Amino acid sequence: MQYLAEGLRLPTNGLDYTILAIYFVVVLGIGFAARASVRTSLDFFLSGRSLPAWVTGLAFVAANLGATEILGMAATGAQYGVAVVHWYWIGAIPAMVFLGLVMMPFYYRSKVRSVPEFLLQRFDRSAHLLSSVLFAFAAILIAGVNLYALSIVVEALLGWERWVAIVVAGVFVLLYITIGGLSSAIYNEVLQFFVILAALIPLTILGLKRVGGWDGLSGSLEKQHGADFMSAWGGTGIGDANPLGANWLTIILGLGFVLSFGYWTTNFAEVQRALSAKNLSAAQRTPLIAAFPKIFIVFVVMIPGLVAAVVVPNIGAASSDLTYNDAIPVLMRELLPNGVLGIAVTGLLAAFMAGMAANVSSFNTVFTTDIWQRYVKKDQSDEYYLRFGRVITAVGVLASIGTAFIAASFSNIMTYLQTLFSFFNVPMFVVFIIGMFWKRASMKSGVWGLVAGTTAAMVNYFVFYEQGIIDIPSDQGANFVSAIVGFVAGAVVMVVVTLFTAPKPEAELAGLVYGTESPDADEAPDEGDSAWYRKPALLGWGAMVLAALCYLPYSL
């Protein structure tokens with residue numbers, strides 16, 4: 001991410017800083033309030049599996065609604081146009097529904113504390129250790145993106161020194177997670193969800209008013225960039241040129257299936273919120289509840305990006321000092337009065353903290369339970385792992401500061417994140433999906449599928465794409481292709497390895513493979529779960545139908 005332009009300095013006053021200070025006080029207050037419920041390591045890492053579905057559902061969507069998404073998706077809207085809807089209606093909703101209806105029963109009933117721990121039960125220790133290391137590394141990289149982006153934005157908008165912004169944000173995230181554990185992170189994410197919306201909705205409305213409504217916005221952008229800029233599918237025929245640099249096949253397979261399902265079904269920063277739910281029904285409803293606001297969030301991140309492309313026609317051009325990542329900040333400066341500006345700045349900081357907290361809290365769980373407890377310090381007391389979890393949280397924050405500057409080479413931070421997802425989440429997804437639906441998949445096929453998928457995706461991106469061996473029009477298009485290559489390579493290697501190695505004993509697959517009965521499958525449902533709004537299937541189909549209705553105008 002490049003430096004934001006110095007001219008973006010916001011005219012903040014005492015009222016704006018008062019709003020910001022109140023928010024930080026409330027954040028720490030929630031952390032101290034949650035501390036009373038943290039008595040065991042399960043309380044610290046998974047909130048004692050006690051939270052209601054509406055809380056975990058909002059935390060689920062807020063954990064994803066970090067500043068990397070807000071700035072990154074607005075930047076994607078300014079750069080690629082209406083095609084940004086693909087990341088939501090194709091690249092999120094179907095996978096979230098699949099997670100709730102199909103995968104959560106496997107996760108929750110197996111009593112795992114993390115996503116890599118499921119691979120230990122389904123495959124073997126080597127697959128578990130590799131997936132744990134890969135996930136912990138990716139979590140720190142992604143947390144670093146949030147922290148780096150925050151420091152750049154705060155420096156440009158408020159005039160704070162960058163190191164001050166990094167230290168302040170890092171300390172607050174460290175404090176409320178260390179004090180209150182996952183419960184503190186989740187309840188703060190619920191608060192942050194509403195603060196973020198309070199910042200984005202006025203920006204969207206005032207932005208549309210500035211450019212003459214949707215008709216004025218469409219007319220201006222079609223005149224500047226052509227009709228395909230305001231069409232999700234325009235120019236996506238194979239061999240056709242379009243702003244996104246991807247055709248319909250790579251969009252559907254690369255984004256809609258491989259990247260999307262890889263992220264939403266195996267990214268522990270998200271799944272951890274569902275695992276903290278009080279029962280299986282609540283765990284299943286978590287991603288389904290989150291799917292409903294996710295359908296509409298695209299409008300409050302896409303429209304500001306489109307408006308910025310009209311207000312600053314040369315944004316992102318080589319001749320301009322404004323990058324695509326400046327879309328949200330430039331509108332905040334141009335459109336928001338004091339008071340509302342304070343809410344917007346608070347919402348932006350809340351988004352950074354939500355994204356960072358989600359990855360740090362998932363990192364401390366995986367590192368403590370899957371690496372330290374399993375392979376380094378076995379059979380210690382629960383108090384020991386609780387203390388270690390707090391210590392490794394501090395280590396994770398410090399490591400995030402160290403990895404933050406890796407994002408500096410990317411002018412669009414969403415491109416950087418999609419690159420990471422194609423390297424780390426996609427190979428894990430192929431191992432999960434084959435392991436869950438193919439009983440014969442051998443124990444050793446898991447680790448080799450991970451190795452092959454990760455290696456193939458990296459080779460495609462760094463060798464074939466960046467060295468110009470294959471011609472792909474954009475970084476995002478290259479990410480889609482890398483995801484497909486990683487998935488196919490991982491799947492092929494898993495099949496080949498399975499043919500030559502021993503399968504897991506069938507008695508050990510109960511509840512881990514589709515069609516096998518879980519040991520607690522006859523567990524009585526919780527009282528009140530018969531209500532229609534508590535049925536995951538109805539919520540899931542409702543989210544899919546609503547998404548289809550929203551998508552209809554863009555698919556015509």
Side-chain angles (χ1 to χ4, degrees), residues 72-93 203-256 259-260 295-320 322-328 330-331 334 411-412 414-415 418 471-481 547-556:
M73 283 303 179
T76 302
Q79 185 173 3
Y80 300 121
V82 172
V84 72
V85 299
H86 292 313
W87 273 267
Y88 291 79
W89 297 336
I90 287 181
I93 304 300
L203 199 64
T204 302
I205 294 173
L206 293 175
L208 282 174
K209 184 178 180 181
R210 172 73 174 267
V211 297
W214 182 259
D215 290 338
L217 179 67
S218 300
S220 298
L221 290 176
E222 287 180 0
K223 184 177 180 180
Q224 292 176 24
H225 302 284
D228 288 345
F229 199 79
M230 296 302 291
S231 169
W233 293 105
T236 59
I238 296 177
D240 294 344
N242 63 82
L244 187 59
N247 58 54
W248 66 268
L249 184 62
T250 55
I251 290 173
I252 292 175
L253 291 182
L255 175 62
L259 274 172
S260 170
I295 291 170
F296 301 104
I297 285 171
V298 62
F299 295 109
V300 294
V301 293
M302 174 186 71
I303 292 175
L306 298 177
V307 170
V310 173
V311 174
V312 188
N314 64 338
I315 188 172
S319 59
S320 173
L322 293 173
T323 69
Y324 292 113
N325 290 317
D326 297 329
I328 291 288
V330 76
L331 291 190
E334 294 288 328
S411 63
N412 184 332
M414 188 50 63
T415 300
Q418 294 292 321
D471 183 24
I472 303 176
S474 69
D475 289 342
Q476 288 288 12
N479 289 332
F480 297 165
V481 174
L549 291 175
C550 290
Y551 202 60
L552 186 60
Y554 293 94
S555 60
L556 296 177

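When a residue number appears, it is its place in the shown sequence, counting from 1. All values reported here derive from a predicted model rather than from experimental measurement.
The shortest side-chain heavy-atom distance between L306 and L221 falls under the 4.5 Å cut-off. For the pair M73/Y88, a side-chain contact is recorded, criterion being any heavy-atom separation below 4.5 Å from C-beta on.
The shortest non-hydrogen separation linking G305 to A327 is CA-CB, 4.2 Å. In this structure, A74 and I328 approach most closely via the heavy-atom pair CB-CG1, 3.6 Å. Minimum interatomic distance between S260 and A92 (heavy atoms only, all atoms of both residues): OG-N, 3.7 Å. Minimum heavy-atom separation, F299 to P304: O-CD, 3.9 Å.
For the atom pair CD of Q224 and CE of M230, the computed distance is 11.0 Å after rounding to the nearest 0.5 Å. Atom-to-atom distance recorded for S220:OG and D215:CG is 10.5 Å, nearest 0.5 angstrom. Distance check, rounded to the nearest 0.5 Å: NE2 of H86 to CD1 of I252 gives 8.5 Å. Atom OG1 of T204 and atom NZ of K209 lie 14.5 Å apart (nearest 0.5 Å).
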Exercise for review: Test side chain to side chain contact (heavy atoms under 4.5 Å, CB included) on V311 and V330 and set out the steps.
Suggested key: CA-CA 9 Å; V311 174; V330 76; 5.7 Å; no
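Applying the side-chain contact (heavy atoms from CB on, under 4.5 Å) test between I303 and each of V298, L208, V82 identifies L208 as the sole match.
The aromatic rings of F480 and W87 sit tilted relative to each other, their planes meeting at an angle between 30° and 60°.
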